[in-house]
Amino acid sequence: VSDTLHVVCSHCHNTNRVPAARLADGPKCGRCHQPLLDGNPVSLGAANFQRHLESSDLPLLVDFWASWCGPCKMMAPIYERTAAQFATTVRFAKVNTEEEQALAARYGIRSIPTLVLFKGGGEIDRIAGAVDATTLSNWVQSRI
Ligand SMILES: [Zn+2]
């Protein structure tokens with residue numbers, strides 16, 4: 001385990017280097033000075049997805065969703081609460097599949113919501129369908 005981690009800012013998408021021991025101390029982005037790990041899911045699209053996937057040392061969890069999807073809406077508050085729980089260990093992101101059809105196609109999203117967990121730039125697991133808070137939290141914890 002390296003003692004310095006690369007963390008991509010969820011506000012300006014700049015890559016920061018943060019000592020691992022300081023992750024829980026509320027580190028701020030060197031460029032935009034916003035909190036690096038505020039525990040809120042970040043909305044990603046074609047312009048910034050790759051950066052979060054490849055430049056960050058934190059695992060990336062992506063919720064592929066759509067505005068017309070009822071189960072997606074039901075799961076949104078659960079996803080937000082779980083994001084706060086994993087604020088310093090996993091980057092939670094959302095991709096709107098209506099606006100980002102190329103991303104959804106690249107990852108073979110056939111039903112929504114689909115949650116895809118990436119680590120080191122590659123997919124390690126996915127869940128198709130809405131899940132409750134305990135299932136989501138246990139699943140993430142068991143794979144990071
Ligand atoms: Zn920033």
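Note that the numbering runs from 1 along the sequence shown for the chain. Just so you know, ligand 1 is whichever comes first in the structure, and atom 1 is the first atom listed for that ligand.
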Vertex the Zn ion (ligand 1): angle to SG of Cys32 and SG of Cys12, to 10°?
110°
What are the two closest heavy atoms between Leu115 and Trp139, and how far apart are they?
O-CH2, 4.0 Å
Can any side-chain N or O of Arg126 pair as donor or acceptor with the backbone N or O of Leu117 at less than 3.5 Å?
no
May I ask you to check if any N/O/S atom from Cys9 comes under 2.8 Å of the Zn ion (ligand 1)?
yes
Assess Cys29: does it contribute an N, O or S atom lying under 2.8 Å from the Zn ion (ligand 1)?
yes
With a 4.5 Å limit on heavy-atom distance, are the side chains of Leu37 and Arg91 in contact?
yes
For the pair Cys32/Cys29, is the SG to SG distance below 2.5 Å?
no
